[in-house]
Enquirer: 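Attaching a single structure in structure tokens format; questions to follow.
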Amino acid sequence: MSLIPVEEAYRLLVEDARPLARTETLPLRDASGRILAANLASLRTQPAFDASAMDGYAVRAADLGDKAPFPSLRLVGESAAGHAFEGTLQPGETIRISTGAPVPTGADAILIQENADRRDGTVTATAPVAVGQHIRPAGIDFAAGTPLLTAGTVLTPGAIALAASGGHPAIPVRSRPRVAILATGDELVLPGEAIGPSQIVASNTFGVAALVREAGGLPLNCGIAPDREAAIDAQLTQAITEGADIFVTIGGASVGDHDLVGKVFAAHGVSLDFWKVAMRPGKPLMAGRLGDMRVVGLPGNPASSMVAATLFLGPLVRRLAGRPARPLYRRGVLAAPMPDNGDRTDFVRARIEPDGAGLPRIVPLSRQDSSLLSIYAAADALLVRPVAAAPAEAGDPCDYVPLTTLEPLAEHN
Ligand SMILES: Nc1nc2c(c(=O)[nH]1)N[C@H]1C(S)=C(S)[C@@H](COP(=O)(O)OP(=O)(O)OC[C@H]3O[C@@H](n4cnc5c(N)ncnc54)[C@H](O)[C@@H]3O)O[C@H]1N2
Ligand code: MOO
């Protein structure tokens, strides 16, 4: 298969993906950051009663008139939050009332305590009150049956509080896409494990799993498979059994004698959408389908696999999760001159420097070898250098891909 352009790969892998139909019901405290799966209407009216907005005295505004001196009112009881005054306020009467407490029948205004003299069972106003003053009418927030949240909403802290106020102890959310992640390679061990002289630590697995989580997916760890077709195939079979929506491999995607992922996919009947994208790093990216399951083969080099996962796997997970679409590229300006570019889109590890109200300045980092995780982790953006771009000057406009999320994280568990 020949190299395909980044845009074409994005279209094949991401753009036709539809949100998964699976939903689950979660207690509110576990639902933050998730996507609401159904419209939610209120089960109750809020507040359910006319409520005082201030601490003071419930009065009949007409009793006071609009000019001092104001007549003294007889203090006949109290309405506290959670403990209503049961009677009806008669002319010449007042009751003590707290913020949030029900306003008794007969009262039509709240005299704040700063404007009241209380002594010997009477209360005298020092300022007039208007009808309705400091009263929150029943249903001012929402009435029973009011639509509160629409399906597809990201459950922000505010949305969670609103669902609670509407009387919902648990709510339906979209299930997270299940993403099986398999590291491949005889050279790999887990961090902290005994390590041989020619071995390295499987780092990408952890980075890719974190990225999947941030995109709203549920990473399923398949561990490390040695460079044997049967071992990789067994993990593919297990991912299907476990109901994975995406099977991701890391490494073994290139052309070496031990790069077996493509062979295993072919033997298992994966229909390949593409293998190799005109990008640097991340060229030997593979994508296909096996029934309803998506299959993604990421390259092994650490920056290559993180860049490919950022550009394609993250957006795919977001789509399947039903998260709102967002543009892949943002606009910035170059902080340094860049040389011309060849026949692969270059994703240069870079830092974002905010520039007040203007577009952010994108600062390319000096070393770009695709094995360097220290550089990748120091970057917060990928500066995009298009295919065949002419040399560019500092100050020229550019596209970049942010590496950090500005959105609520999906629930961690
Ligand atoms: N003759 C050619 N050689 C290579 C080409 C090519 O076109 N022709 N492409 C190069 C490019 S570009 C990349 S990227 C790599 C990708 O190769 P693979 O996907 O087959 O990856 P491996 O060979 O298995 O590993 C490469 C490198 O990454 C390390 N690795 C693998 N898995 C992990 C992991 N989970 N965590 C950390 N590091 C990992 C592995 O040890 C190797 O050092 O191929 C080039 N070669
Ligand atoms: O794609 Mo390779 O990523 O150029 O190192």
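Order of listing sets the numbers, starting from 1, for every ligand and every atom in it.
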Enquirer: Can you see whether Asp55 engages Thr99 through a side-chain donor-acceptor pair at a distance of less than 3.5 angstrom?
Expert: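 Yes, a side-chain donor-acceptor pair sits under 3.5 Å.
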
Enquirer: Give the residue, atom name and distance (to 0.1 Å) of the protein heavy atom nearest atom 5 (O) of ligand 2.
Expert: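 The answer is Ser370 OG, 2.6 Å.
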
Enquirer: Taking the side chain from His168 and the backbone from Leu162, do they hold a donor-acceptor pair closer than 3.5 Å?
Expert: no

Enquirer: I would like to know whether Met338 and Val348 meet side chain to side chain contact (heavy atoms under 4.5 Å, CB included); could you show each step before the answer?
Expert: CA-CA 10 Å; Met338 295 298 292; Val348 180; 4.1 Å; yes

Enquirer: Would you check if the side chain of Arg174 reaches a backbone N or O of Leu36 as a donor-acceptor pair within less than 3.5 Å?
Expert: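 No, Arg174 side chain to Leu36 backbone: no donor-acceptor pair under 3.5 Å.
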
Enquirer: Would you kindly specify which portion of Pro299 sits under 4.0 Å from ligand 1, judged on non-hydrogen atoms: side chain, backbone, both or neither?
Expert: both

Enquirer: Heavy atom under 4.0 Å from ligand 1: found in Asn301's side chain, backbone, both, or neither?
Expert: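 For Asn301, the contact with ligand 1 is made by both the backbone and the side chain.
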
Enquirer: Nearest to atom 40 (C) of ligand 1, what protein heavy atom do you find, and at what distance?
Expert: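 Looking at atom 40 (C) of ligand 1, the protein heavy atom closest to it is Glu187 OE2, 3.1 Å.
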
Enquirer: Can you list the ligand 1 atoms lying under 4.0 Å from a non-hydrogen atom of Ala253?
Expert: 18 (P), 19 (O), 20 (O)

Enquirer: Please list the nearest protein heavy atom to atom 36 (N) of ligand 1 with its residue and the distance rounded to 0.1 Å.
Expert: Ser203 N, 3.0 Å

Enquirer: Would you tell me which option among Ser254, Gly262, Ser370 has the nearest heavy-atom contact to atom 10 (C) of ligand 1?
Expert: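 Minimum heavy-atom distance to atom 10 (C) of ligand 1 goes to Ser254.
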
Enquirer: Which residue owns the protein heavy atom closest to atom 32 (N) of ligand 1, what's the atom, and how far is it?
Expert: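 Going by distance alone, atom 32 (N) of ligand 1 is nearest to Leu188 CD1, 3.8 Å.
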
Enquirer: Below 4.0 Å from ligand 2: does a non-hydrogen atom of Pro284 turn up there or not?
Expert: yes

Enquirer: Going through the distances and angles, do Val173 and Thr25 end up as a side chain to side chain contact (heavy atoms under 4.5 Å, CB included)?
Expert: CA-CA 6 Å; Val173 299; Thr25 297; over 6 Å; no

Enquirer: Output yes when a side-chain donor or acceptor of Asp245 lies under 3.5 Å from a complementary backbone atom of Pro177, and no otherwise.
Expert: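 Such a contact is absent between Asp245 side chain and Pro177 backbone.
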
Enquirer: Has Asn204 got a side-chain atom pairing as donor or acceptor with Gly207's backbone, closer than 3.5 angstrom?
Expert: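 Not a single qualifying donor-acceptor pair exists.
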
Enquirer: For Met306, does its backbone N or O pair with a side-chain atom of Thr310 as donor and acceptor, under 3.5 Å?
Expert: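 Yes: the side chain of Thr310 pairs with the backbone of Met306.
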
Enquirer: For Pro299, state whether at least one heavy atom is located under 4.0 Å from any atom of ligand 2.
Expert: no

Enquirer: If only atom types and distance count, is the side chain of Ser52 paired as donor or acceptor with the main-chain N or O of Met54 below 3.5 Å?
Expert: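 Here the side-chain-to-backbone pair exists.
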
Enquirer: Using a 4.0 Å heavy-atom threshold (strictly under), name the region of Arg344 that reaches ligand 2: side chain, backbone, both or neither.
Expert: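 Arg344 to ligand 2: side-chain contact only, backbone stays beyond 4.0 Å.
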
Enquirer: Give the numbers and elements of all ligand 2 atoms closer than 4.0 Å to a heavy atom of Asn301.
Expert: 5 (O)

Enquirer: Should the proximity of Asp259 to ligand 1, defined as any heavy atom under 4.0 Å, be assigned to the side chain, the backbone, both, or neither?
Expert: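 Asp259 to ligand 1: side-chain contact only, backbone stays beyond 4.0 Å.
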
Enquirer: Quick check on contacts: which atoms of ligand 1 are under 4.0 angstrom from a heavy atom of Val255?
Expert: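 By the 4.0 Å cutoff, the relevant atoms are 1 (N), 2 (C), 8 (N).
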
Enquirer: As an exercise, identify every atom of ligand 2 less than 4.0 angstrom from a heavy atom of Lys283.
Expert: 1 (O)

Enquirer: Would you mind listing which atoms of ligand 1 come within a distance below 4.0 Å of any non-hydrogen atom of Val201?
Expert: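 Taking each heavy atom of Val201 in turn, ligand 1 has 36 (N), 37 (C) under 4.0 Å.
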
Enquirer: Heavy atom to atom 16 (C) of ligand 1, shortest distance: which of Pro284, Gly251, Ser304 holds it?
Expert: Pro284

Enquirer: Count the heavy atoms belonging to other residues, nucleotides or ligands that lie under 6.0 Å from CG of Asp292, then report whether that count exceeds 12.
Expert: no

Enquirer: So, the side chain of Arg280 versus the backbone of Thr345: is there a donor-acceptor pair under 3.5 Å, distance only?
Expert: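 Such a contact is absent between Arg280 side chain and Thr345 backbone.
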
Enquirer: Starting from atom 38 (N) of ligand 1, which protein heavy atom do you reach first, and at what distance in Å?
Expert: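 Minimum-distance protein heavy atom for atom 38 (N) of ligand 1 reads Ile200 CD1, 3.5 Å.
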
Enquirer: Backbone, side chain, both or neither: what part of Pro281 comes under 4.0 angstrom of ligand 2, heavy atoms only?
Expert: both

Enquirer: Using a plain distance cutoff, I'd like to know if Ser304 has any nitrogen or oxygen under 3.5 Å from a nitrogen or oxygen of ligand 2.
Expert: yes

Enquirer: Could you list which atoms of ligand 1 come closer than 4.0 Å to a heavy atom of Thr205?
Expert: 35 (N)

Enquirer: Is the shortest distance from a Lys or Arg side-chain nitrogen in Arg331 or Asp399 to a carboxylate oxygen in the other one below 4.0 Å?
Expert: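 Between Asp399 and Arg331 there is a salt bridge, with a charged N closer than 4.0 Å to a carboxylate O.
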
Enquirer: Looking at Arg330 and Asp380, is any side-chain nitrogen of the basic one under 4.0 Å from a carboxylate oxygen of the acidic one?
Expert: no

Enquirer: Closest non-hydrogen protein atom to atom 29 (C) of ligand 1, residue and atom name please, with distance?
Expert: Gly300 O, 3.7 Å

Enquirer: What atoms in ligand 1 come closer than 4.0 Å to a heavy atom of Gly252?
Expert: 18 (P), 19 (O), 20 (O), 21 (O), 22 (P), 24 (O)

Enquirer: Show the atoms of ligand 2 that are less than 4.0 angstrom away from any heavy atom in Gly282.
Expert: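 This gives 1 (O), 2 (Mo), 3 (O) as the contact atoms.
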
Enquirer: Give the atom numbers and elements of ligand 1 that come within less than 4.0 Å of a heavy atom of Lys283.
Expert: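 Here the atoms of ligand 1 in question are 6 (C), 7 (O).
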
Enquirer: Compute both the distance and the angle, then confirm whether Arg294 meets the cation-pi test with Phe247: under 6.0 Å from the six-membered ring centre, within 45 degrees of the axis.
Expert: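 No cation-pi geometry.
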
Enquirer: Do NZ/NE/NH1/NH2 and the carboxylate oxygens of Glu214 and Arg318 come within less than 4.0 Å?
Expert: no

